[in-house]
Amino acid sequence: MRKIIFSLVILAALVSACAGAPSPSATSSPARALILATTTSTQDSGLLDVILPDFQKKLNAQVKVVAVGTGQALKLGADGNADVELVHAREQEDAFVAAGDGIDRRDVMYNDFVIVGPADDPAHIAGEKFAVEAFKKIASAQSTFASRGDKSGTNTKEFDIWKKASIQTSGAWYLSIGQGMGETLMLASEKRAYTLSDRATFLAQQSKLQLIVLVGDNNLAQNTDPLLLNPYGVIPVNPAKHPNVNHDLAEKFAQWITSNATQEMIGNY
């Protein structure tokens, strides 16, 4: 809600005020700025376009979204160049807080990761319940795999799966491109490659892709592999360490995004 400030005109006498004082004029207070460092998945999924207008209207605030990989997003906060984080790599988030760069991490939402690929599925991974087994089959078949290669939360999860599969990713079959989720999905579609994606971004872009979900079941509720769960957290940047940040608005953002009303918006998206 825009805050309305009524200007008061002080007149010399009550009589003249009643007789002909001009009507108060309404002006709007300037919007406050909040720098939100977040992941490309939240941006590419379209979620922020749906929920952020509510925050901006209620708080009369402008939100500048910087969408990069989780590692880069946390680096922005650690350098004092962001006010609040919305990211999904729990180990990195905990390290960010432990280093004193962030405070009071709160759970916001979760979706899951899926392994997508071409419909003809050359590595025969369809129906695998566990990501590690699917990755083993992809590597064994030397089927093309497109990796974000950007130290994002998704890329971190991918590395974790390869590590658990005891596989070294090298060779012409493994493409590390250093791009966001949307670009990686497009490349995988063009190359008939497999990739790891968060479900929300894949669903948002599915109509433009020649890819299908092969591992991760048809919906989040049926996903039985705990490795593929993908929780997101909100972390205000610590004003004690970074006094230039807009902590007041960052804290209001954290309260807003974890509120029942906003959680309902997220759940209905």
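Since this is a predicted model, take the numbers as computed values, not measurements.
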TODO: Indicate if Ile51 and Leu86 have the same hydrophobic cluster label, given that clusters are the connected sets of ILVMFWY residues with side-chain heavy-atom separations under 4.5 angstrom.
DONE: yes

Distance col, row Asn244:CG vs Asn81:CG, nearest 0.5 angstrom, shows 7.5 Å

Exercise for review: Using modelled atom types only, decide if a donor and an acceptor are shared between the side chain of Asp225 and the backbone of Ala131 within a distance under 3.5 Å.
Suggested key: yes

Heavy atoms of Ala67 and Thr40 approach each other most closely as O-CG2, 3.8 Å

Residue pairs passing the salt bridge (Lys or Arg N to Asp or Glu O under 4.0 Å) test with at least one member in residues 244-261, sequence neighbours excluded, are Arg32-Asp248, Arg106-Glu251, Asp248-Lys252

Residues pairing under salt bridge (Lys or Arg N to Asp or Glu O under 4.0 Å) where one sits in residues 162-175, two or more places apart or in two chains, turn out to be Asp160-Lys164

Apply side chain to side chain contact (heavy atoms under 4.5 Å, CB included) to the pair Asp104 and Ile235, showing each step before the final yes or no. CA-CA 6 Å; Asp104 195 14; Ile235 313 172; over 6 Å; no

Is it true that Asn230 and Asn111 share a donor-acceptor pair across their side chains at a distance under 3.5 Å?
yes

| query | Does any N or O in the side chain of Arg199 come within less than 3.5 Å of the main-chain N or O of Val213, such that one atom is a donor and the other an acceptor? | reply | no

What I'd like to find out is whether the side chain of Thr156 reaches to under 4.5 Å of the side chain of Gln92, using heavy atoms alone. yes

- request: May I have the step-by-step check of side chain to side chain contact (heavy atoms under 4.5 Å, CB included) for Val84 and Leu36, ending in yes or no?
  value: CA-CA 5 Å; Val84 64; Leu36 169 64; 3.7 Å; yes

Of Trp162, Tyr194, Phe130, the one forming a ring pair (Phe, Tyr, Trp, His ring centres under 6.0 Å) with Phe135 is Trp162

Applied to residues 165-177, the side-chain hydrogen bond (donor to acceptor under 3.5 Å, both in side chains) test, sequence neighbours excluded, yields Ser147-Tyr174, Glu158-Tyr174

Cluster check Leu227, Ile138: I/L/V/M/F/W/Y, side chain < 4.5 angstrom:
yes

Residues 115-125 vs salt bridge (Lys or Arg N to Asp or Glu O under 4.0 Å), sequence neighbours excluded, gives Asp120-Arg192

**Message:** If you apply the rule side chain to side chain contact (heavy atoms under 4.5 Å, CB included), what do you find for Leu52 with Val65, and how did you get there?
**Reply:** CA-CA 10 Å; Leu52 281 183; Val65 177; 3.6 Å; yes

- Task: Kindly check if the number of other-residue, nucleotide or ligand heavy atoms within 6.0 Å of CG (Asn268) is above 12?
- Result: yes

Residue pairs meeting salt bridge (Lys or Arg N to Asp or Glu O under 4.0 Å), one or both in residues 230-242, sequence neighbours left out, come to Asp101-Lys241

dist Ile257:CD1 -> Met265:CE (nearest 0.5 Å) comes out at 9.0 Å

Value for CD (Gln263) from CE (Met109), rounded to nearest 0.5 Å, stands at 9.0 Å

If you group Ile, Leu, Val, Met, Phe, Trp and Tyr by side-chain heavy-atom gaps below 4.5 Å, do Val87 and Val66 land in one group?
-> no

Going through the distances and angles, do Ile266 and Val108 end up as a side chain to side chain contact (heavy atoms under 4.5 Å, CB included)? CA-CA 9 Å; Ile266 293 171; Val108 175; 4.2 Å; yes

Side-chain contact, heavy-atom cut-off 4.5 Å: Leu229 with Phe113? no

Distance col, row Lys157:NZ vs Ser197:OG, nearest 0.5 angstrom, shows 14.0 Å

Ala141 meets the side-chain contact (heavy atoms from CB on, under 4.5 Å) criterion, sequence neighbours left out, with Ala123, Ser143

Residues Asn246 and Ala33: closest non-hydrogen pair is ND2-O, 3.1 Å

* Check: Glu85 side chain, Pro236 main-chain N or O, donor-acceptor pair, under 3.5 Å -> no

So NZ of Lys58 and CH2 of Trp256: to nearest 0.5 Å the spacing works out to 8.0 Å

| request: Check whether any side-chain heavy atom of Thr39 lies under 4.5 Å from a side-chain heavy atom of Val68, and answer yes or no. | output: no

Across all chains, not counting sequence neighbours, the side-chain hydrogen bond (donor to acceptor under 3.5 Å, both in side chains) partners of Lys137 are Glu128

Exercise. Are Thr262 and Phe253 close enough that some pair of their side-chain heavy atoms sits under 4.5 Å apart?
Worked result: no

ask   = Do Val245 and Leu74 belong to the same hydrophobic cluster, where Ile, Leu, Val, Met, Phe, Trp and Tyr are linked whenever their side-chain heavy atoms lie under 4.5 Å apart, directly or via other members?
value = yes

Validation row: Leu228, Val114 side chains within 4.5 angstrom (heavy atoms):
no

Hits for side-chain contact (heavy atoms from CB on, under 4.5 Å) against Thr195, two or more places apart or cross-chain, chain-then-number order -> Val116, Ala146, Met181, Thr184, Leu185, Ala188

Quiz item: Do Ile177 and Phe145 share a hydrophobic cluster (ILVMFWY, side-chain heavy atoms under 4.5 Å, transitive)?
Solution: no

Residues Pro231 and Tyr110: closest non-hydrogen pair is CA-CB, 3.7 Å

With sequence neighbours left out, the residues meeting side-chain contact (heavy atoms from CB on, under 4.5 Å) with Asp150 are Arg148, Ser152, Asn155

Residues passing the side-chain hydrogen bond (donor to acceptor under 3.5 Å, both in side chains) test with Asp94, sequence neighbours excluded, are Arg90

In this structure, CG of Leu211 is separated from CE of Met186 (nearest 0.5 Å) by 9.5 Å

Notebook entry, point to check: Will you find, in the side chains of Thr42 and Thr38, an N or O donor that is under 3.5 Å from an N or O acceptor?
Noted result: yes

*Evaluate the side-chain proximity of Leu196 to Ile161: yes if any heavy-atom separation is below 4.5 Å, no if none is.*
yes

Contacts satisfying ring-ring contact (aromatic ring centres under 6.0 Å, His included) that involve residues 229-248 (not counting sequence neighbours) are His88-Tyr232

In short, Ala134 meets Val215 closest at the heavy-atom pair CB-CG2, 3.8 Å

Residues at least two apart in sequence or cross-chain that pass side-chain hydrogen bond (donor to acceptor under 3.5 Å, both in side chains) with Lys75, listed by chain then number, are Asp79

Test item: Val237 and Asp83 side chains (from C-beta on) under 4.5 Å apart, heavy atoms: no

Between Ala139 and Ile167, the two heavy atoms sitting closest are CB-CD1, 3.7 Å

